[in-house]
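A note on names: the letters A, B, ... follow the listed sequences, proteins ahead of strands, and every chain is numbered from 1.
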2 protein chains.
Amino acid sequence: MVKTKFSIALHIMTLLSIYKDEWLTSAWIAASLNMNPVLVRKEIAILKENGLIDSKEGKNGGVRILKDAKNIKLSDIFNSVKGEDNVLSLLKNTPNPDCIVGKQINQNLKSLLNTIDKAVSDALEKQTLENFKNQF
Amino acid sequence: MVKTKFSIALHIMTLLSIYKDEWLTSAWIAASLNMNPVLVRKEIAILKENGLIDSKEGKNGGVRILKDAKNIKLSDIFNSVKGEDNVLSLLKNTPNPDCIVGKQINQNLKSLLNTIDKAVSDALEKQTLENFKNQF
DNA sequence: TGTACTGTAATAAAAAATATTACATTATAA
DNA sequence: TTATAATGTAATATTTTTTATTACAGTACA
């Protein structure tokens, strides 16, 4: 998981929850984030796949939130952007298979990294987008 | 925080806990990890600063664990390598200060990212290095 | 039918992570 | 007392990942 993806997604979702009846454009959202609109559209594709938002092509198109912010948990956003990756990762390099630890550590680590993801998700499950939004 | 740092550090600590009476060299550890010895030494410097291990220069030098694995929590390792960074990060780009969200989001996000780190640390506090080691 | 959007692919640029080289310093043991 | 084998660390290079840009097809509206 790219370390900044959650921050990007939460920024987008916050904007959409504040302007909940409008179709915001990727260019407008990108200006708030101060980043590239194409990347915003890619992020939007992921949030859309996960049923959190809707988008409309063509003139006067844009992006809109699908649910009430009260019913969106921050864990919903986290798990959407997390995808298959872990928050913390294994090394790319294959550890030495002739070492008792190297031979087996990735298997053991993987399970621990999943536990870490679960801990994050559980913590974020207690918080709603509504609550985050209301800080602004 | 570099995403792989925790995995690297835990691999090192596992080796040291298994060979707890020996001075392991950075070259030997690096061979198990299949990575560069200089990076292992940098990681070792951090674990040493945090009082988890000891190192000895000169011939027959190396690295040794300082405490019994039973008394090392995985959160001790995590918090050592985490340092000042968050597991998930803010963007580098400054969000738009003319936007109600952009103006303030980093402050709000920062607090949330700290909560995430705390959740990870709390989850790892329940696990000991002894326990992880015994899986091998 | 022109305009203003999304969607997405291809490529480029920038940044971050990892590797390498080099060498000063230190401790040991022959 | 000297050769050797280690850590510590700086400087640089390489590789990988992330971010940005360009380009354009497809779509919907007015």
Side-chain angles (χ1 to χ4, degrees), chain A residues 1-9 11-12 16 19 22-49 53-66 81-95, chain B residues 1-9 11-12 16 19 22-49 53-66 81-95:
Chain A
M1 179 194 185
V2 179
K3 291 193 300 180
T4 54
K5 271 202 156 188
F6 176 68
S7 293
I8 294 169
H11 189 141
I12 294 172
L16 294 177
Y19 302 97
E22 299 176 42
W23 294 93
L24 302 183
T25 69
S26 63
W28 190 89
I29 294 170
S32 173
L33 274 150
N34 187 21
M35 69 182 290
N36 196 281
V38 175
L39 299 182
V40 170
R41 295 207 282 270
K42 280 185 181 157
E43 205 63 26
I44 279 167
I46 289 162
L47 295 167
K48 189 178 179 180
E49 268 174 32
I53 65 178
D54 191 18
S55 71
K56 191 171 69 167
E57 287 182 65
K59 194 171 180 182
N60 298 335
V63 190
R64 196 172 57 167
I65 201 165
L66 270 181
V81 299
K82 185 177 111 54
E84 296 302 302
D85 299 337
N86 289 111
V87 167
L88 300 183
S89 338
L90 301 177
L91 304 196
K92 274 293 184 65
N93 296 358
T94 307
Chain B
M1 179 193 183
V2 180
K3 290 194 302 183
T4 54
K5 271 201 157 188
F6 177 68
S7 293
I8 294 169
H11 189 141
I12 294 172
L16 293 178
Y19 301 99
E22 298 175 42
W23 294 93
L24 302 183
T25 69
S26 62
W28 190 89
I29 293 169
S32 173
L33 275 150
N34 188 23
M35 68 182 289
N36 196 282
V38 174
L39 299 182
V40 169
R41 295 205 282 272
K42 281 185 181 158
E43 205 63 26
I44 278 167
I46 289 162
L47 294 167
K48 189 178 178 180
E49 267 172 34
I53 65 177
D54 190 20
S55 71
K56 190 172 69 167
E57 287 183 65
K59 194 171 179 181
N60 297 335
V63 189
R64 197 172 56 168
I65 202 166
L66 268 181
V81 298
K82 184 176 111 53
E84 297 302 302
D85 300 337
N86 289 112
V87 166
L88 300 182
S89 336
L90 300 178
L91 305 196
K92 272 295 183 66
N93 296 357
T94 307

### Task
Please name all residues satisfying side-chain hydrogen bond (donor to acceptor under 3.5 Å, both in side chains) with B:Thr4, sequence neighbours left out, ordered by chain then number.
none

### Message
Does the protein touch nucleotides 21-30 of chain C at the base, only the backbone, or not at all? Give it as B, S and - per nucleotide, heavy atoms under 4.0 Å.
### Response
B---BBBBS-

## Note on the structure
Taken to the nearest whole Å, NZ/B:Lys92 to C1'/C:dA13 is 15 Å

### Query
Are OP1 or OP2 of C:dA4 and a side-chain N or O of A:Thr25 less than 4.0 angstrom apart?
no

### Task
State which residues pass side-chain hydrogen bond (donor to acceptor under 3.5 Å, both in side chains) with A:Lys59; sequence neighbours excluded, sorted by chain then number.
none

### Query
Please give, in whole Å, the distance from C:dG7 C1' to A:Ile29 CD1?
15 Å

Determine all donor-acceptor pairs shorter than 3.5 Å in which one atom belongs to a side chain in residues 85-92 of chain A; sequence neighbours excluded.
from: A:Asp85; atom 1: OD2; to: A:Met1; atom 2: N; distance (Å): 3.2
from: A:Asn86; atom 1: OD1; to: A:Lys110; atom 2: NZ; distance (Å): 2.7
from: A:Asn86; atom 1: ND2; to: A:Asn114; atom 2: OD1; distance (Å): 2.9
from: A:Asn86; atom 1: ND2; to: A:Asp117; atom 2: OD2; distance (Å): 2.6

### Query
To the side chain of A:Lys42, which of C:dA10, C:dG7, D:dT18 is closest?
C:dA10

### Task
With sequence neighbours left out, write down each residue that passes side-chain hydrogen bond (donor to acceptor under 3.5 Å, both in side chains) with B:Thr25, or none if nothing qualifies.
none

### Message
Using a heavy-atom cut-off of 4.0 Å across all strands, would you classify B:Lys48 as base, sugar-phosphate, or nothing?
### Response
sugar-phosphate

### Query
Separation of A:Lys3 atom NZ from D:dT19 atom C1', in whole Å?
14 Å

### Message
Suppose we screen for side chain to side chain contact (heavy atoms under 4.5 Å, CB included). Which residues come up paired with B:Glu22, at least two apart in sequence or across chains?
### Response
B:Tyr19, B:Leu24

### Message
Tell me the interatomic distance from A:His11, atom NE2, to D:dT19, atom P, rounded to whole angstroms.
### Response
15 Å

### Summary
side chain to side chain donor-acceptor pair (under 3.5 Å) pairs touching residues 34-46 of chain B, sequence neighbours excluded, are B:Ser26-B:Arg41

### Summary
Of B:Asn34 and A:Ala45, the one whose closest nucleotide on DNA chain C sits nearer the 5' end is A:Ala45

### Query
Do any of residues 83-90 of chain A sit with a heavy atom less than 4.0 Å from DNA chain D, and if so which?
none

### Task
Measure from CG on A:Leu39 to P on D:dT21 and round the result to the nearest Å.
9 Å

### Query
Could you state the interatomic distance from CZ (A:Arg64) to NZ (A:Lys56), rounded to the nearest 0.5 Å?
7.5 Å

### Query
Within this structure, what is the CG-to-P distance between A:Leu47 and C:dT6, rounded to whole angstrom?
14 Å

### Query
B:Leu91 or B:Gly61: which one's nearest nucleotide on DNA chain D is closer to the 5' end?
B:Gly61

### Message
Nearest 0.5 Å, please: how far is CG in A:Leu39 from CD1 in A:Ile44?
### Response
11.0 Å

### Task
Provide, to the nearest angstrom, the distance between the CE atom belonging to B:Met35 and the C1' atom belonging to D:dT15.
14 Å

### Query
Looking at C:dC5, C:dA17, C:dG7, which one has an atom nearest to any side-chain atom of B:Val2?
C:dA17

#### Entry: Euclidean distance, A:Ile12 CD1 relative to A:Ile29 CD1, rounded to 0.5 Å
6.0 Å

### Message
Side-chain N or O of A:Thr4 versus OP1/OP2 of D:dT19: is the shortest distance under 4.0 Å?
### Response
yes

### Query
Would one find a side-chain N or O of B:Ser26 under 4.0 angstrom from OP1 or OP2 of D:dT7?
yes

## Note on the structure
Sorted by chain and number, sequence neighbours left out, side chain to side chain contact (heavy atoms under 4.5 Å, CB included) with B:Glu49 holds for none

### A:Trp28 CH2 - C:dA4 C1' separation (whole Å)
18 Å

